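A short worksheet on the structure shown next.
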Protein chains: 2
Amino acid sequence: MKTTEPHQSEHEHEHQSSSHNHNDCIDSALATAETLCVQQGQRLTKVRRRALELIWESHRPLGAYQLLAKLAEEGFNSAPPTVYRALDFLLAAGLIHKVESMNAYLGCAHADKAHKGYFLICDDCHNVMEFDYQDIHTALIAKAAQQGFELRAETIELTGLCSKCKSKAAGAIA
Amino acid sequence: MKTTEPHQSEHEHEHQSSSHNHNDCIDSALATAETLCVQQGQRLTKVRRRALELIWESHRPLGAYQLLAKLAEEGFNSAPPTVYRALDFLLAAGLIHKVESMNAYLGCAHADKAHKGYFLICDDCHNVMEFDYQDIHTALIAKAAQQGFELRAETIELTGLCSKCKSKAAGAIA
DNA sequence: TAGATTTTGTTATGATATAACAAGTCAAAC
DNA sequence: GTTTGACTTGTTATATCATAACAAAATCTA
Ligand SMILES: [Zn+2]
Ligand SMILES: [Zn+2]
Ligand SMILES: [Zn+2]
Ligand SMILES: [Zn+2]
């Protein structure tokens with residue numbers, strides 16, 4: 001299997017990795033968001049911008065009500081529509097993804113490139129890694145087409161044990 | 001792309017197809033369920049059995065509360081734990097799948113064969129087709145392993161337009 | 001600035017899922 | 001055939017996730 005997908009190596013890390021400055025991720029994501037919104041004539045309002053930041057500041061996918069609580073702490077309105085509107089906006093703009101199997105939301109590091117969100121989710125530490133995999137995408141389109149099915153969206157969420165948690169588990173046994 | 005997967009052609013149809021007697025599906029699924037439960041020393045109690053039947057009788061994935069309402073009509077207890085316990089049992093036994101992106105439950109026609117549930121979901125008619133695809137499964141395991149990730153479960157839910165709805169749409173335009 | 005459009009505030013409700021503990025059922029062991 | 005223990009179900013309450021509907025405010029356009 002080749003692994004020459006476009007932005008695969010760019011963000012295939014765990015957010016908690018000690019070897020990366022997560023602030024850089026956030027800054028970069030926010031800058032991209034600003035640019036994209038301007039390009040598309042969309043308004044990245046205060047609450048939308050802050051929601052995006054808060055999602056990025058979390059090292060794990062963030063639930064809507066977790067995000068709402070954080071926004072409320074900062075003086076934003078604390079009713080559910082506030083957060084769901086912000087999430088809807090960010091999802092539509094491709095700035096975040098929803099992880100269906102967790103009912104949680106995750107910043108996308110490649111918002112400027114059209115792509116599907118594929119995820120590796122650790123059952124143990126709940127870290128989520130987004131990966132891109134053009135071969136799978138192509139194969140799925142072809143497979144669907146075989147059934148006369150025209151593919152529009154893909155929910156690909158893989159769960160299991162990440163390498164760190166696997167090591168930890170092995171250590172515990174030994 | 002080869003399509004020589006084990007049970008792919010066995011149930012890759014829409015439930016509403018006029019060319020198949022859905023009662024046969026239900027009877028077969030229930031018989032398999034009985035057998036599997038006996039083999040595994042599990043008890044397919046009245047409510048569990050009836051829940052499974054009701055899920056199969058629906059031509060689309062059934063929500064937990066829809067199922068609960070049907071069970072209540074038949075004199076079963078009408079509190080949520082009743083239905084969620086039945087669903088948990090059927091999921092654990094591999095007799096049904098949950099479609100995460102719909103929060104709904106679907107009978108599995110291949111409960112006797114270990115497999116992952118991959119789904120094609122029509123945005124228009126909401127029919128769901130389960131498919132199996134060994135090539136994808138193998139590729140995903142390998143891809144995860146590259147990241148040191150040990151794969152345990154896969155949520156693969158593809159949405160789009162089924163062939164029938166595509167035809168309908170084309171007809172409407174012409 | 002007037003009018004249109006978009007965004008936000010607010011209240012209420014709908015939809016999905018689980019916690020906790022009591023009571024009932026069943027089958028093996030005695 | 002009763003006891004015992006495991007499993008299953010009943011019951012009440014609550015947690016969690018998401019949207020409807022309409023009013024008010026902010027922003028944009030002309
Ligand atoms: Zn992404
Ligand atoms: Zn982990
Ligand atoms: Zn299945
Ligand atoms: Zn359809």
Side-chain angles (χ1 to χ4, degrees), chain A residues 33-34 37-52 54-55 58 60-93 95-106 126 155 157, chain B residues 33-34 37-52 54-55 58 60-93 95-106 126 155 157:
Chain A
E34 299 275 13
C37 287
V38 168
Q39 279 175 9
Q40 297 165 19
Q42 297 288 91
R43 286 154 61 186
L44 191 64
T45 60
K46 276 185 195 170
V47 66
R48 290 168 178 173
R49 191 192 153 90
R50 188 61 186 139
L52 181 58
L54 287 167
I55 288 170
S58 165
R60 295 181 172 70
L62 202 56
Y65 279 70
Q66 291 175 276
L67 175 56
L68 182 58
K70 287 176 194 281
L71 288 170
E73 275 175 21
E74 302 185 7
F76 290 100
N77 183 22
S78 68
T82 297
V83 76
Y84 282 103
R85 283 166 179 159
L87 290 170
D88 286 348
F89 175 87
L90 297 171
L91 284 168
L95 298 170
I96 61 172
H97 295 289
K98 177 177 184 184
V99 183
E100 292 288 348
S101 58
M102 301 177 79
N103 292 319
Y105 304 83
L106 185 69
H126 303 107
T155 300
E157 299 174 6
Chain B
E34 300 275 14
C37 287
V38 168
Q39 279 175 11
Q40 298 166 20
Q42 296 289 89
R43 287 154 62 187
L44 191 64
T45 60
K46 275 183 195 172
V47 66
R48 290 168 178 174
R49 190 193 152 89
R50 189 61 187 138
L52 181 57
L54 287 167
I55 288 171
S58 164
R60 294 182 174 71
L62 203 55
Y65 279 71
Q66 291 175 274
L67 175 56
L68 182 57
K70 288 176 194 279
L71 287 170
E73 276 176 20
E74 303 184 6
F76 291 99
N77 183 21
S78 67
T82 297
V83 76
Y84 282 103
R85 283 165 179 160
L87 289 170
D88 286 347
F89 174 88
L90 296 171
L91 285 167
L95 298 170
I96 62 173
H97 295 289
K98 178 176 184 183
V99 182
E100 292 288 348
S101 58
M102 301 177 78
N103 292 318
Y105 304 83
L106 185 68
H126 302 105
T155 300
E157 300 173 7

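Keep in mind it's a predicted model, so treat the numbers as computed, not measured. Because only heavy atoms are used, hydrogens play no part in the values below, and waters and symmetry mates are left out as well, while side chains stay in. Every chain is numbered from 1 and lettered A, B, ... according to where its sequence line falls, protein lines coming before strand lines.
Rotation axes derived from the C1' atoms of the five outermost pairs at either end of the helix from C/dT1-D/dA30 to C/dC30-D/dG1 lie 30° apart, to the nearest 10°.
B/Leu62 and B/Leu54 make their closest contact through CD2-O, 3.8 Å (heavy atoms, listed as atom of the first residue, atom of the second, distance). The two residues B/Leu71 and B/Ala51 make their nearest non-hydrogen contact at CD2-N, 4.2 Å. Residues B/Ser78 and B/Leu68 share a closest heavy-atom pair of O-CD2, 3.4 Å.
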Problem - Contact letters for nucleotides 8-19 of chain D, in which S counts primed atoms plus P, OP1 and OP2 and B counts the base, heavy atoms under 4.0 Å - result: SBBBB----BBB
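Here the straight-line distance linking atom OH of B/Tyr105 with atom CD1 of B/Ile55 works out to 9.0 Å at 0.5 Å rounding.
Checking side-chain atoms of B/Glu157 against main-chain N and O of A/Thr155 turns up no donor-acceptor pair under 3.5 Å. At least one donor-acceptor pair under 3.5 Å links the side chain of A/Arg48 to the backbone N or O of A/Arg43.
Within the structure, salt bridge (Lys or Arg N to Asp or Glu O under 4.0 Å) pairs that include any residue of residues 95-105 of chain B comprise B/Lys98-B/Glu100 (at least two apart or interchain).
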